[in-house]
Amino acid sequence: MAGLGGSPRILVFAGSIRSGALSQKLADVAAKELALTEADVTKISLADHPLPIYHGDLEAEKGIPENAQKLARLIAAHQGIFIATPEYNNSLPPLLVNAIDWVSRIRESSGVKYRHRVYAIGSTSDGAFGGARALIDLRKLIASGLRGIVVPEKIEVPRAHEAFDEVGEFIAEGSSKLLKALARSLVELAGRLAD
Ligand SMILES: Cc1cc2nc3c(=O)[nH]c(=O)nc-3n(C[C@H](O)[C@H](O)[C@H](O)COP(=O)(O)O)c2cc1C
């Protein structure tokens with residue numbers, strides 16, 4: 001409920017680092033919407049946290065990469081996280097899965113308390129379904145890998161290549177309304193974790 005918690009810090013990122021990525025456009029418009037609330041918003045790119053593809057020998061030999069530790073520390077420093085993802089083969093892109101897989105290997109006993117954050121999720125696609133199937137998997141991955149709490153609201157943006165105007169706002173009023181509701185829900189729930 002509004003007013004119960006403090007001003008939450010919200011981290012925003014996309015599951016694509018492609019130039020002109022549609023999911024980045026969703027992350028950008030979400031960051032703008034969140035900035036209109038009482039939240040403090042931090043936007044990052046996974047391009048700034050490059051990681052090798054996870055495999056067990058690598059972890060056994062070299063430990064968890066510093067960039068995964070940095071991501072975990074960023075998550076820990078925020079009460080809420082918004083993730084915008086593309087859909088690959090009815091599921092999630094390897095960039096995003098790999099980042100979450102690495103973070104999930106970090107034990108909280110190491111002192112990085114990245115679990116039990118509040119998440120909101122959204123997807124984009126140039127197709128008709130808006131990446132809806134990716135979101136089903138993202139919800140599971142966050143719950144399992146990050147022990148995160150995902151708000152029930154979500155946003156799927158179909159035909160996303162036509163969904164944004166020249167300043168990056170949604171053209172369709174329905175999408176703006178969905179995003180507003182999602183942002184509200186994220187800020188309210190994350191606010192309960194804030195000081
Ligand atoms: C390997 C691969 C698989 C894809 N599978 C799907 C899919 O299952 N559903 C869908 O809507 N789009 C699919 N796409 C299209 C992507 O959604 C589209 O390329 C999107 O723009 C990529 O996300 P980005 O713009 O955020 O980089 C796929 C693209 C790639 C490269």
Side-chain angles (χ1 to χ4, degrees), residues 10-35 41-55 65 67-68 70-71 74-75 78 80-104 117 119-146 148 150-183 185-186:
I10 308 278
L11 184 68
V12 177
F13 65 91
S16 172
I17 55 173
R18 184 176 73 85
S19 51
L22 299 170
S23 52
Q24 185 61 56
K25 291 186 181 184
L26 175 57
D28 290 343
V29 75
K32 272 200 254 176
E33 184 62 44
L34 287 159
V41 181
T42 312
K43 204 165 62 166
I44 61 164
S45 168
L46 292 181
D48 297 325
H49 301 81
L51 288 164
I53 297 287
Y54 178 87
H55 74 84
N67 277 339
K70 274 190 195 156
L71 266 180
L74 272 166
I75 293 171
H78 293 76
I81 296 97
F82 177 85
I83 304 178
T85 188
E87 180 174 280
Y88 277 14
N89 294 320
N90 293 358
S91 186
L92 294 168
L95 176 80
L96 181 58
V97 175
N98 191 53
I100 293 177
D101 283 350
W102 270 118
V103 170
S104 76
R117 311 284 87 189
Y119 290 79
I121 55 177
S123 57
T124 50
S125 161
D126 46 13
F129 300 114
R133 294 158 298 200
L135 285 195
I136 295 168
D137 288 351
L138 185 54
R139 199 172 279 280
K140 282 190 294 185
L141 185 61
I142 289 169
S144 154
L146 303 172
V150 186
V151 302
E153 295 82 3
K154 57 189 165 50
I155 182 164
E156 293 136 358
V157 186
R159 303 198 59 76
H161 56 298
E162 299 169 344
F164 300 92
D165 67 16
E166 63 285 352
V167 291
E169 299 290 345
F170 280 124
I171 292 168
E173 200 188 330
S175 299
S176 299
K177 281 188 176 160
L178 266 181
L179 182 63
K180 227 175 242 317
L182 181 63
S185 185
L186 176 61

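Start at 1 and go down the list; that is how both ligands and their atoms are numbered.
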Inset, instruction - Pick whichever of Asn89, Leu95, Leu22, Ile17 has a heavy atom sitting closest to atom 21 (O) of ligand 1. - result: Leu22
Legend entry - Ring center gap for Phe82 and Tyr119 short of 6.0 angstrom: no
Legend entry - Backbone N/O of Pro52 and side chain of Trp102: donor-acceptor pair under 3.5 Å: yes
Inset, instruction - Return yes if some donor-acceptor pair links the side-chain N/O of Arg133 with the main-chain N/O of Glu87 below 3.5 Å, else return no. - result: no
Distance under 4.0 Å to a non-hydrogen atom of [X]: what atoms of ligand 1 satisfy this?
{"X": "Asn90", "answer": "7 (C), 8 (O)"}
{"X": "Ser125", "answer": "10 (C), 11 (O), 12 (N)"}
{"X": "Pro86", "answer": "22 (C), 23 (O), 26 (O)"}

Inset, instruction - Examine ligand 1 and decide if any of its atoms is less than 4.0 Å from a heavy atom belonging to Ala21. - result: yes
Inset, instruction - Among all protein heavy atoms, pick out the one at the shortest distance from atom 19 (O) of ligand 1; state its residue, atom name and that distance to 0.1 Å. - result: Asp126 OD2, 4.5 Å
Inset, instruction - Specify the protein heavy atom at minimum distance from atom 6 (C) of ligand 1: its residue, its atom name, and the distance to 0.1 Å. - result: Glu87 O, 3.0 Å
Inset, instruction - With heavy atoms under 4.0 Å as the rule, classify the contact between Ser23 and ligand 1 as side chain, backbone, both or neither. - result: both
Inset, instruction - Please state which part of Arg18 comes within less than 4.0 Å of ligand 1, counting heavy atoms only: side chain, backbone, both or neither. - result: side chain
Inset, instruction - State, without any angle test, whether Glu153 and Ser185 hold a side-chain donor-acceptor pair at a distance under 3.5 Å. - result: yes
Legend entry - Flag: protein heavy atom within less than 4.0 Å of atom 28 (C) of ligand 1: yes
Legend entry - Plane angle bin for Phe170 and Phe164 - parallel if under 30°, tilted between 30 and 60°, otherwise perpendicular: parallel
Legend entry - Salt-bridge present (Lys25, Asp28; N to O < 4.0 Å): no
Inset, instruction - Could I get the full list of side chain to side chain donor-acceptor pair (under 3.5 Å) partners for Lys70, not counting sequence neighbours? - result: none
